[in-house]
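Below is one structure, written out as structure tokens; the observations come after it.
Numbers here simply count residues along the sequence, with the first being 1. Remember, it's 1-based here, ligands and their atoms both numbered in the order they're listed. From a predicted model like this one, the values you see are computed outputs, not experimental measurements.
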Amino acid sequence: MKIKVAYIIGARPNFMKIYPLMLEMDKYPQKFKQVLIHTSQHYNNNMSRIFFEELRLPRPNFYLGVGSGTHAEQTARIMIRLEKVFLKVRPDLVVVVGDVNSTLAGALVAAKMNIRIAHVESGLRSFDRAMPEEINRILTDSLADYLFVTEKSGLVNLKNEGVASKNIYLVGDIMIDTLLLNLNKIKASKIRDKISIEEKKYCVFTLHRPSNVDSLSSLIQVYHILKAIALKIGIVYPIHPRTKKMLKAFGLWGKFKAIRGLILICPLGYISFMKLVYDCRFVLTDSGGIQEETTFLKIPCLTMRENTERPITLESGTNYLVGRNKSVILNLLGNILRGRLKRSRIPKLWDGKSAARIVTVLRGIK
Ligand code: UD1
């Protein structure tokens with residue numbers, strides 16, 4: 001009997017996590033029928049459509065059109081619309097990825113309808129419940145039937161939360177599958193020519209976490225950090241719409257635009273963005289996924305957070321937690337520019353075969 005699999009995606013980091021999984025399941029048409037559901041949590045062309053074009057993802061079978069809102073509004077709208085779709089489609093398995101509001105909403109609706117749930121990128125914990133994503137992670141994992149884990153800390157976290165070992169699978173990092181599948185296209189991207197920057201003569205900056213961008217005082221700290229870095233090396237900053245909105249609301253947009261050496265650009269698609277990372281000197285970010293991609297590419301990553309749910313990137317990767325501490329950042333910048341980099345190792349199973357491991361497990365579903 002065929003298994004009907006519904007994938008729930010909604011926000012930018014979901015798209016590259018679902019891509020290798022759909023490709024892998026395509027190899028077993030007698031076993032799986034795939035249905036793609038886009039909640040539209042992210043809806044701008046450069047936050048959503050460009051990823052479908054670049055990765056050649058299939059057109060979603062359903063768009064829920066939920067858009068932005070408060071956490072309760074967004075999560076509730078997804079749930080109400082998703083329930084209707086599930087009633088129509090009747091999936092046997094729902095696959096959710098990562099830790100965004102669409103992930104939790106998808107898992108909650110599936111659980112209440114007695115549909116089995118697979119969570120890809122399970123077990124990560126920052127132990128910081130002020131992060132909306134941490135709530136999404138804990139709740140999604142407590143509902144999931146198949147928990148696919150990227151790094152060994154996830155195994156420990158899930159066991160500590162009482163998840164049965166038989167439901168937990170260490171499969172590695174599916175984002176690395178996507179990176180390897182697209183590496184040739186990434187290397188060939190012309191994005192640096194478009195913005196006229198030379199290889200290794202710049203760093204990449206991204207910032208969007210509420211803890212960094214939702215208050216005036218933290219944005220002013222960020223401003224001073226960027227000004228100091230720009231005196232030493234160019235900065236390329238594809239700006240997230242949330243951050244742009246906050247800079248404008250706090251009257252800081254003009255000040256940021258005036259920093260000499262800071263190149264402010266629109267959010268980029270996957271291929272162009274990864275090319276910028278591939279060729280840069282280091283990355284300064286508060287993203288989750290970029291901590292992993294830089295570890296794989298052995299590019300130094302300064303993470304502007306106080307904690308990370310991805311501790312392996314600190315222990316064996318290229319990542320440093322720097323918060324908004326200007327002197328720590330400038331110190332590390334000095335080391336990086338002098339070529340003093342920390343030794344790093346690519347974590348176990350980050351080898352481009354995670355999707356195959358996941359599908360091997362899911363092929364066993366009756
Ligand atoms: C969401 C995820 C976060 C992830 C990030 C990646 C949650 C709780 N957060 O944060 O984990 O790291 O995506 O980007 O799910 N906006 C637009 N156009 C869009 C999307 C958003 O203009 O296409 C603006 C809106 O003003 C919106 C704001 O960005 O209110 C925030 O969007 P939202 O989806 O709530 O969260 P993100 O900050 O993007």
Side-chain angles (χ1 to χ4, degrees), residues 8-18 38-53 60 63-79 81-82 96-108 119-122 124-126 128-141 175 178 204-215 218-219 222 237-250 253 266-270 273-274 277 283 285-293 301 303-305 307-310 313:
I8 314 300
I9 52 172
R12 188 166 66 170
N14 296 160
F15 309 135
M16 47 281 213
K17 290 172 195 163
I18 220 77
H38 189 332
T39 67
S40 321
Q41 173 173 347
H42 285 171
Y43 44 87
N44 287 3
N45 283 344
N46 55 22
M47 297 293 284
S48 173
R49 202 179 71 190
I50 189 163
F51 292 85
F52 286 77
E53 289 168 0
Y63 284 100
L64 303 185
V66 299
S68 303
T70 65
H71 285 274
E73 283 167 349
Q74 193 174 56
T75 311
R77 272 204 297 265
I78 298 170
M79 289 181 67
R81 294 177 196 186
L82 204 49
V96 293
V97 294
D99 55 15
V100 302
N101 286 344
S102 301
T103 312
L104 171 61
L108 257 174
H119 183 206
V120 177
E121 203 184 89
S122 174
L124 297 179
R125 296 290 180 269
S126 64
D128 174 5
R129 290 199 181 204
M131 269 184 100
E133 293 81 2
E134 183 73 353
I135 310 291
N136 294 342
R137 292 180 200 118
I138 294 168
L139 294 178
T140 302
D141 282 339
M175 299 247 288
T178 310
V204 173
F205 175 59
T206 81
L207 202 76
H208 73 284
R209 300 264 164 221
S211 59
N212 279 324
V213 308
D214 282 6
S215 86
S218 52
L219 283 173
V222 171
Y237 181 14
I239 188 163
H240 190 286
R242 176 191 197 98
T243 313
K244 187 169 181 181
K245 184 172 84 177
M246 298 317 288
L247 286 176
K248 288 190 168 168
F250 289 123
W253 180 236
C266 292
L268 296 171
Y270 177 76
F273 181 74
M274 287 315 303
V277 171
V283 175
T285 188
D286 63 359
S287 154
I290 298 171
Q291 297 171 52
E292 296 176 341
E293 288 158 335
C301 181
T303 298
M304 294 184 77
R305 291 173 44 189
N307 51 55
T308 179
E309 60 289 335
R310 293 159 159 93
T313 61

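- Within ligand 1, the atoms closer than 4.0 Å to a non-hydrogen atom of Pro241 are 16 (N), 17 (C), 18 (N), 22 (O), 24 (C), numbered from 1 in the order shown.
- When only non-hydrogen protein atoms are considered, atom 8 (C) of ligand 1 lies nearest to Asn101 OD1, 3.3 Å.
- Checked for salt-bridge contact, Glu53 and Arg49 meet the test: a charged N lies under 4.0 Å from a carboxylate O.
- If you look at Lys245 next to ligand 1, the close heavy atoms, those under 4.0 Å, all belong to the side chain.
- The single protein non-hydrogen atom nearest to atom 27 (C) of ligand 1 is Ser68 OG, 3.2 Å, given as residue, atom name and distance.
- Taking the charged nitrogens against the carboxylate oxygens, Lys245 and Asp214 have no contact shorter than 4.0 Å, which rules out a salt bridge.
- Between Tyr63 and His38, the two ring planes are tilted [angle within 30° to 60°].
- Closest to atom 7 (C) of ligand 1 among all protein heavy atoms lies Gln41 NE2, 3.6 Å.
- Ranking the protein heavy atoms by distance from atom 2 (C) of ligand 1 puts Val100 CG1, 3.7 Å first.
- Taking a cutoff of 4.0 Å between a charged side-chain nitrogen and a carboxylate oxygen, Arg305 and Glu309 qualify as a salt bridge.
- Residues Arg137 and Met131 are in side-chain contact: their nearest non-hydrogen atoms beyond the backbone lie under 4.5 Å apart.
- Between Leu268 atom CG and Arg12 atom CZ the span is 8.5 Å, to the nearest 0.5 Å.
- Heavy atoms of Arg242 found under 4.0 angstrom from ligand 1 belong to the backbone as well as the side chain.
- In this structure, atom 6 (C) of ligand 1 lies nearest to the protein heavy atom Pro13 CD, 3.6 Å.
- Of the candidates Met131, Glu73, Gln74, Glu133, the one placing a heavy atom closest to atom 11 (O) of ligand 1 is Glu133.
- Protein heavy atom closest to atom 13 (O) of ligand 1, with residue, atom name and distance, is His42 CE1, 3.2 Å.
- Remark: the Thr285 side chain and the Thr206 side chain contain an N/O donor-acceptor pair separated by less than 3.5 Å.
- For atom 14 (O) of ligand 1, the candidate residues are His208, His71, His240; the nearest heavy-atom contact is made by His240.
- Remark: side-chain polar atoms of Gln74 are paired, donor with acceptor, to backbone N or O of Gly67 under 3.5 angstrom.
- Any N or O atom pair closer than 3.5 Å counts here, and Tyr43 shares at least one such pair with ligand 1.
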